[in-house]
Amino acid sequence: RIFPRLLENKQDTFDITDDRYFDYFSIQDLCTVVENFVVKTQVVFDVNCVYKEKYLISQVAQKFIDAHSLKSKLNIVSTSRNNYTGSSENLYSLDIPLQGLDQGIRNYD
């Protein structure tokens, strides 16, 4: 939900409330994971579609701003200790080739 709002933002600043760690996962990588489960027999059946690296919402937003040459400056209004992250251990044990967050952000239209 944040990416379209960043693209539509017409002001100099973009406010982020409750900045926290939050797992973003690109749709391209999600398709790769699903395809892998459909095509191959897996030993692990319970995976979180999350990357190893954990980023704050503001960090992901800044990556998006940079990747799409937007002019918005981020304003952190408040932070939160309630993070929304999962373990990537099972996913990465499957050795599925993922593009990663940075590429997913660059691919976003």
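Worth knowing before you read on, the calculation uses all heavy atoms, side chains too, and leaves out hydrogens, waters and symmetry mates.
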With a sphere of 6.0 Å drawn around [atom1] of [X], does it hold more than 12 non-hydrogen atoms of other residues, nucleotides or ligands?
| X | atom1 | answer |
| --- | --- | --- |
| K73 | NZ | no |
| Q99 | CD | yes |
| E89 | CD | no |

Backbone of [Y] reached by a side-chain donor or acceptor of [X] within 3.5 Å:
| X | Y | value |
| --- | --- | --- |
| D19 | S58 | yes |
| D29 | G100 | yes |
| N90 | D46 | yes |

Worksheet item: Which heavy atom of D23 sits nearest a heavy atom of G86, and at what distance?
Response: OD2-N, 2.6 Å
Item to complete: Indicate the atoms forming the closest heavy-atom contact of Q28 with G104, along with that distance.
Response: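 For Q28 versus G104, the nearest heavy atoms are OE1-CA, 4.1 Å.
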With rounding to the nearest 0.5 angstrom, report the [atom1] to [atom2] distance, [X] to [Y].
| X | Y | atom1 | atom2 | value |
| --- | --- | --- | --- | --- |
| S88 | K54 | OG | NZ | 5.0 Å |
| F3 | D109 | CZ | CG | 12.5 Å |
| Y21 | T79 | OH | OG1 | 11.0 Å |
| Y51 | L101 | OH | CG | 6.0 Å |
| F64 | D102 | CZ | CG | 13.0 Å |
| I65 | L7 | CD1 | CG | 10.0 Å |

Can you tell if the side chain of [X] reaches within under 4.5 Å of the side chain of [Y], non-hydrogen atoms only?
| X | Y | value |
| --- | --- | --- |
| I105 | V60 | yes |
| I2 | Y24 | yes |
| Y108 | I27 | no |
| I57 | R20 | yes |
| F25 | L91 | yes |
| L70 | N9 | no |
| L74 | I16 | yes |
| K63 | Y55 | yes |

So if you build clusters from Ile, Leu, Val, Met, Phe, Trp, Tyr with side-chain heavy-atom gaps below 4.5 Å, do [X] and [Y] land together?
| X | Y | value |
| --- | --- | --- |
| L30 | V47 | yes |
| L56 | F14 | no |
| L94 | F45 | no |
| I96 | V38 | yes |

Fill in: Candidate pair V44 and S93, rule side-chain contact (heavy atoms from CB on, under 4.5 Å), full reasoning
CA-CA 8 Å; V44 177; S93 74; 4.0 Å; yes
